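As the structure is a prediction and not an experimental result, all values here were calculated from the model.
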Amino acid sequence: MFIKIFLFAIFILSSVVNVLSIAKDKKLLTNISKPIIMPALLLFYISITPSPNTFIILAIIFGFLGDVFLIGTGLFFIAGLLSFLIGHALYIIALLGQVSFSNVP
């Protein structure tokens, strides 16, 4: 139980630090805190889910890659956008597997 609370606290703390660093225009702190958010979310997700969805795990990893790539410029920016696109497609695949369309006319 402690590990779940600890991982959730890291996720919340890194998110708050990131938002505040953006608001205060602290670029270095933003670049440090942003890549911590998704791995913290991933570890928390794995710790609370009895059977983690592979597509969700991959989507979070691609979100992390997108955050890291967007720190750079030029081709790194494009790689970041592609990472987010792939991540969102993986979220859609994961969630479509949980939706039943049998009641839709």
Side-chain angles (χ1 to χ4, degrees):
M1 181 65 166
F2 172 77
I3 191 74
K4 293 175 187 178
I5 294 170
F6 178 72
L7 292 171
F8 184 67
I10 291 173
F11 170 70
I12 294 297
L13 182 64
S14 60
S15 299
V16 169
V17 167
N18 185 255
V19 169
L20 292 176
S21 66
I22 291 170
K24 298 286 185 181
D25 200 27
K26 303 290 185 186
K27 188 77 170 161
L28 178 62
L29 189 56
T30 301
N31 290 344
I32 292 170
S33 62
K34 184 68 172 173
I36 297 172
I37 295 171
M38 294 308 277
L41 177 64
L42 176 61
L43 292 173
F44 178 66
Y45 171 71
I46 290 171
S47 74
I48 64 167
T49 307
S51 57
N53 186 314
T54 305
F55 291 112
I56 297 287
I57 291 171
L58 289 172
I60 293 172
I61 291 170
F62 274 98
F64 165 72
L65 291 173
D67 287 338
V68 171
F69 286 138
L70 284 182
I71 291 173
T73 58
L75 288 177
F76 287 108
F77 183 78
I78 300 299
L81 292 178
L82 288 174
S83 295
F84 284 126
L85 175 67
I86 293 168
H88 283 80
L90 290 166
Y91 282 126
I92 291 168
I93 291 168
L95 296 175
L96 281 179
Q98 299 177 5
V99 175
S100 171
F101 293 100
S102 61
N103 295 332
V104 178

Other ILVMFWY residues reachable from Val19 by side-chain steps of under 4.5 Å: none
Interatomic spacing from CD1 in Ile93 to CZ in Phe55 - rounded to 0.5 Å: 5.5 Å
Residues clustered with Leu75, ILVMFWY side-chain links under 4.5 angstrom: none
Pairing residues for Ser83 by the side chain to side chain donor-acceptor pair (under 3.5 Å) criterion, not counting sequence neighbours: none
Nearest-0.5 Å distance, CG of residue Leu7 to OG of residue Ser47: 5.0 Å
Hphob cluster co-occupancy, Ile92 + Leu90, side-chain heavy atoms under 4.5 angstrom: no
All pairs passing side chain to side chain donor-acceptor pair (under 3.5 Å) where residues 4-19 contributes a residue, at least two apart: Asn18-Ser33
Residue list, side chain to side chain contact (heavy atoms under 4.5 Å, CB included) with Phe76, at least two apart or on another chain: Phe69
Counterpart residues, side chain to side chain contact (heavy atoms under 4.5 Å, CB included), relative to Ile71 (two or more places apart): Asn31, Pro35
Pairs where residues 12-32 contributes a residue and the test salt bridge (Lys or Arg N to Asp or Glu O under 4.0 Å) is met, not counting sequence neighbours: none
By side chain to side chain contact (heavy atoms under 4.5 Å, CB included) - contacts of Leu42 (at least two apart): Ile46, Ile57, Ile60, Ile61
Separation between CD1 of Ile37 and CD1 of Ile10, rounded to the nearest 0.5 Å: 12.5 Å
Atom CZ of Phe44 with >12 non-hydrogen neighbours under 6.0 angstrom: yes
Within 6.0 angstrom of Tyr45 OH, more than 12 heavy atoms from elsewhere: yes
Listed once per pair and sorted, the side chain to side chain donor-acceptor pair (under 3.5 Å) pairs that draw on residues 48-65, sequence neighbours left out: none
Side chains of Leu70 and Phe84 in contact at under 4.5 Å (non-hydrogen atoms): yes
Pairs involving residues 61-70, ordered by first then second residue, that meet salt bridge (Lys or Arg N to Asp or Glu O under 4.0 Å) (sequence neighbours left out): Lys34-Asp67
Shared hydrophobic cluster for Leu20 and Phe11 (ILVMFWY, side-chain gaps under 4.5 Å): yes
Met1: hydrophobic cluster co-members (side-chain, 4.5 Å): Ile5
Common cluster, Val16/Leu43, ILVMFWY with side-chain heavy-atom separation under 4.5 Å: yes
Remaining members of hydrophobic cluster (4.5 Å side-chain criterion), Val17: Leu13, Leu29
Distance in Å, Leu58 CG paired with Tyr91 OH, rounded so as to fall on 0.5 Å steps: 10.5 Å
Atom pair CD1 (Ile78) and CG (Leu85), whose distance is rounded to the nearest 0.5 Å: 11.5 Å
